[in-house]
Amino acid sequence: MRALDWLVVVAYVAWIIVDGLRRSKATNKVDGYLLANRSLPWWAVGLSVMATQLSAVTICCTTGLGYLTGLRFVQFYFGLPIAMLILSVTVVPFFTRARVYTAYEYLERRFDAKTRSLASFLFMIGRAASLGVTLAAPSVVMSATLGWTLPVTVLAICVPMIVYTTIGGVQAVAWTDVKQMFIVVFGMSAAVVVLLSGILQHVGFADALHLAGATGRLHAVDFTVTLRERYTFWSGMIGGLFLMLSYFGCDQSQVQRYLTAKSIDEARQGLMISAYAKIPLQLLILATGVLVFVFYLFETPPMLFNRVYDAQVASSARAGDYAALQRQFDAAIAARRTAALRDDRDAFLASDARTQALRAQAATLVRQASGDENYNDVNYVFATFIITQMPIGLVGLMIAAIFVAAMSASGGELNSLATATIIDFYRRHFVTAASDEHYVRVSKIATILWGLFACVVAMQAAGQGSLIEVVNRYGSFVYGSLLGVFILAILTTRATALGAFVGLIAGMAAVLAVAIGLPWIEFLWHNLIGAVVVVVVGMAVSYADRRPAADRRGADGRP
């Protein structure tokens, strides 16, 4: 990066943080620090909800997924509009009228303290792991870009985020989110313009779509009925629906967003922004990845986008093998370019398959030479394009957008973790009657501790494949069970505290058993499995628990 790019990065990040803190008011009170005094307008709530999802994971990793597999990942979000409609009618007015700080407070009112504590604990474990992955994505980008080690890069992103989240609370996070959304959309649109200008120098737009379609990358909807395929219409509409209901209805990082709204109507309007905008925005990001693929049909791409181990491979006993693969790859790329320009479909597909096979061989060789069994390059694709192909100034803007996307999304998650820690545990079980100033002070300590924990997770998450999938796998482990216990709480009157508690444990056990014993069932279905098991077991236990004592005794009169 050049000096102008660095100036853009530093100036933008500084402005985001300072302006977010400037807009924070009354943060010395619990309501102001954790819920922004329930004063945010609907559009700020909506953009904050969107920004929590549109993290650097989305920018870096979803584009990489689009490059490798095309548009099919968009099916993951097909259940989202329905989920938003359901939540707007049910959960939003329910939690808003309850005047709670966390979603889990209501579980104690409906059931008991242990159910509340278990649900909140499950949220914190799942969210903290996901937060680490959210931080890993930009760390991967910047470590590759700057040549820094991963721990140094993680800290460079985490420290400013921890500072402004700790000082400004949810208000600093929300106003940062608003600005971030505009910059990210502008930056992605600029990337599309750069990609199209490069592609159209070689082929027409229709021909570019034809090339992408020939490889299956424009195949967005798959109606196959199977549990083995990760992204299908049905996994998105059913498994995705349950995931979105869980995420937006039971995850404190999202519930806290619409609890900051001025009214129920404004909370609903804010939440519905995602219903209208998320799928088009996700298509834009995936399509950007597809365009990167088409762009590199005419520009020579690296054999592997993750160049972290280049020097190590070059000095290893496999250096000659790697150099031979590079020569074969260059020849295959030239053949693919020629076939694409001639519109020779068969030759194009054959040469494209050849390049993919050579990439796979090169990745295997790097794993052998480096000893890194988790080596992959999917998360580096878009970062490589940004650094090597975008104009000066726009490079800085895109890197700044990735920085701030990581900070704003992670800041929201960090604030929600601190809120659950203080409200559901510290104030509930340890210090039950203290001043607002005391709880705010302890919330800031919790924010710092969770931030440091997330940094550790981030250092371990970078090599786990496509990070957009990793973060959703983490969430799917707990979300279905949380949704199940809230279904018992809100939609049934016969569920008992014992039933809810046992059902929640059973749901988690069922998801764990399926994840280990039936790995061919894709993770989106874990949300449905967890929710169904919690409801079924919870109602069965509740039925037994509600029977009169005499009905529960055996024939000999003993229990």
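Computed from a predicted structure; not experimentally measured. We count residues from 1, following the sequence as given.
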Chi angles and distances behind the ring-ring contact (aromatic ring centres under 6.0 Å, His included) call for Y106, F94: CA-CA 10 Å; Y106 175 73; F94 195 86; 4.6 Å; yes
field: Full working for side-chain contact (heavy atoms from CB on, under 4.5 Å) between M124 and Q252
entry: CA-CA 9 Å; M124 290 193 294; Q252 177 62 22; over 6 Å; no
Test log, rule side-chain contact (heavy atoms from CB on, under 4.5 Å), inputs F486 and L245: CA-CA 10 Å; F486 277 98; L245 286 172; over 6 Å; no
field: Evaluation steps, side-chain contact (heavy atoms from CB on, under 4.5 Å), between D344 and D346
entry: CA-CA 6 Å; D344 185 340; D346 291 338; 4.2 Å; yes
field: Full working for side-chain contact (heavy atoms from CB on, under 4.5 Å) between I490 and T90
entry: CA-CA 9 Å; I490 297 174; T90 57; 5.6 Å; no
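Of the inter-residue distances, the one linking S410 atom OG with N415 atom CG reads 12.5 Å to the nearest 0.5 angstrom. A distance of 11.5 Å separates CG of L259 from CD of Q254, quoted to the nearest 0.5 Å. Within the model, atoms NZ of K278 and CG of L283 stand 11.0 Å from one another, a figure rounded to the nearest 0.5 Å. Atom-to-atom distance recorded for L488:CG and T493:OG1 is 11.0 Å, nearest 0.5 angstrom. For the atom pair CG (L297) and CD1 (I333), the distance works out to 8.0 Å, reported to the nearest 0.5 Å. Atom-to-atom distance recorded for T226:OG1 and W234:CH2 is 13.5 Å, nearest 0.5 angstrom.
The aromatic rings of F73 and Y77 stand perpendicular to each other, their planes meeting at an angle above 60°, with 30° marking the opposite boundary. Using cut-offs of 30° and 60° on the angle between ring planes, the pair H202 and F298 is parallel.
Within 6.0 Å of CZ in F233 there are more than 12 heavy atoms belonging to other residues, nucleotides or ligands.
For the 3.5 Å distance criterion, the side chains of R217 and T215 qualify, holding a donor opposite an acceptor. In this structure, a donor-acceptor pair under 3.5 Å is absent between the side chains of S235 and E229. Residues D222 and Q75 bring no donor and acceptor atom of their side chains to less than 3.5 Å of each other. Looking at T300 and R337, their side chains do bring a donor and an acceptor atom within 3.5 Å of each other.
Residues R257 and D177 meet the side-chain proximity criterion, which asks for heavy atoms closer than 4.5 Å. Two residues are said to be in side-chain contact when any heavy atoms from C-beta on lie closer than 4.5 Å; I399 and I387 meet this criterion. Inter-residue side-chain proximity for M161 and L414 is flagged as met; some heavy-atom pair is nearer than 4.5 Å. Contact check for T63 versus L286: no side-chain heavy atoms found under the 4.5 Å cut-off. Side-chain contact between L80 and S274 is present, with at least one heavy-atom pair separated by less than 4.5 Å. A heavy-atom distance below 4.5 Å is not found between the side chains of V381 and F293. R110 has its side chain out of reach of T115: every pair of non-hydrogen atoms, C-beta onward, lies at least 4.5 Å apart. Residues I59 and V184 are in side-chain contact: their nearest non-hydrogen atoms beyond the backbone lie under 4.5 Å apart.
Checked by atom type and distance alone, the side chain of S48 never pairs as donor or acceptor with a backbone atom of A44 at under 3.5 Å. A donor-acceptor pair is defined here as one N or O able to donate and one able to accept, closer than 3.5 Å; no such pair exists between the side chain of T492 and the backbone of R494. Side-chain atoms of T69 never come within 3.5 Å of backbone atoms of G66 as a donor-acceptor pair (strictly under, hydrogens ignored).
Pairing each heavy atom of M84 with each of A275, the nearest pair is CB-CB, 3.7 Å. When every heavy atom of H526 is checked against every heavy atom of V511, the shortest pair comes out as O-CG2, 3.7 Å. Of all the heavy atoms in Y258 and G249, the pair that sits closest is OH-CA, 3.9 Å. A pairwise comparison of heavy atoms in M50 and I273 identifies CG-CG2, 4.0 Å as the closest pair. Contact detail for S139 and T153: the closest heavy-atom pair is O-CG2, 3.4 Å. In plain terms, the two heavy atoms of A212 and V290 that are nearest each other are CB-CG1, 3.7 Å.
Comment: R127 engages D251 in a salt bridge, judged by a side-chain N to carboxylate O separation of less than 4.0 angstrom.
Remark: aromatic rings of Y67 and F385 are distant, center separation not under 6.0 Å. Ring centroid separation for the pair F305 and Y296 comes in under the 6.0 Å cut-off. Separation of the Y104 and F123 ring centroids falls under the 6.0 Å cut-off. Between Y479 and F242, the distance separating the two ring centers is not shorter than 6.0 angstrom.
Each of V221, L218, L65 was evaluated against L71; a single residue qualifies, L218, per the side chain to side chain contact (heavy atoms under 4.5 Å, CB included) test.
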Distance-only donor-acceptor hits, side chain of residues 351-360, under 3.5 Å, sequence neighbours excluded:
residue: S351; atom: OG; partner: A347; partner atom: O; Å: 2.9
residue: S351; atom: OG; partner: F348; partner atom: O; Å: 3.0
residue: D352; atom: OD1; partner: R336; partner atom: NH1; Å: 2.8
residue: R354; atom: NH2; partner: Q328; partner atom: OE1; Å: 2.7
residue: T355; atom: OG1; partner: D352; partner atom: O; Å: 2.6
residue: R359; atom: NH1; partner: M303; partner atom: O; Å: 3.1
residue: R359; atom: NH1; partner: D377; partner atom: OD2; Å: 2.8
residue: R359; atom: NH2; partner: D377; partner atom: OD1; Å: 3.2
residue: R359; atom: NH2; partner: D377; partner atom: OD2; Å: 3.4

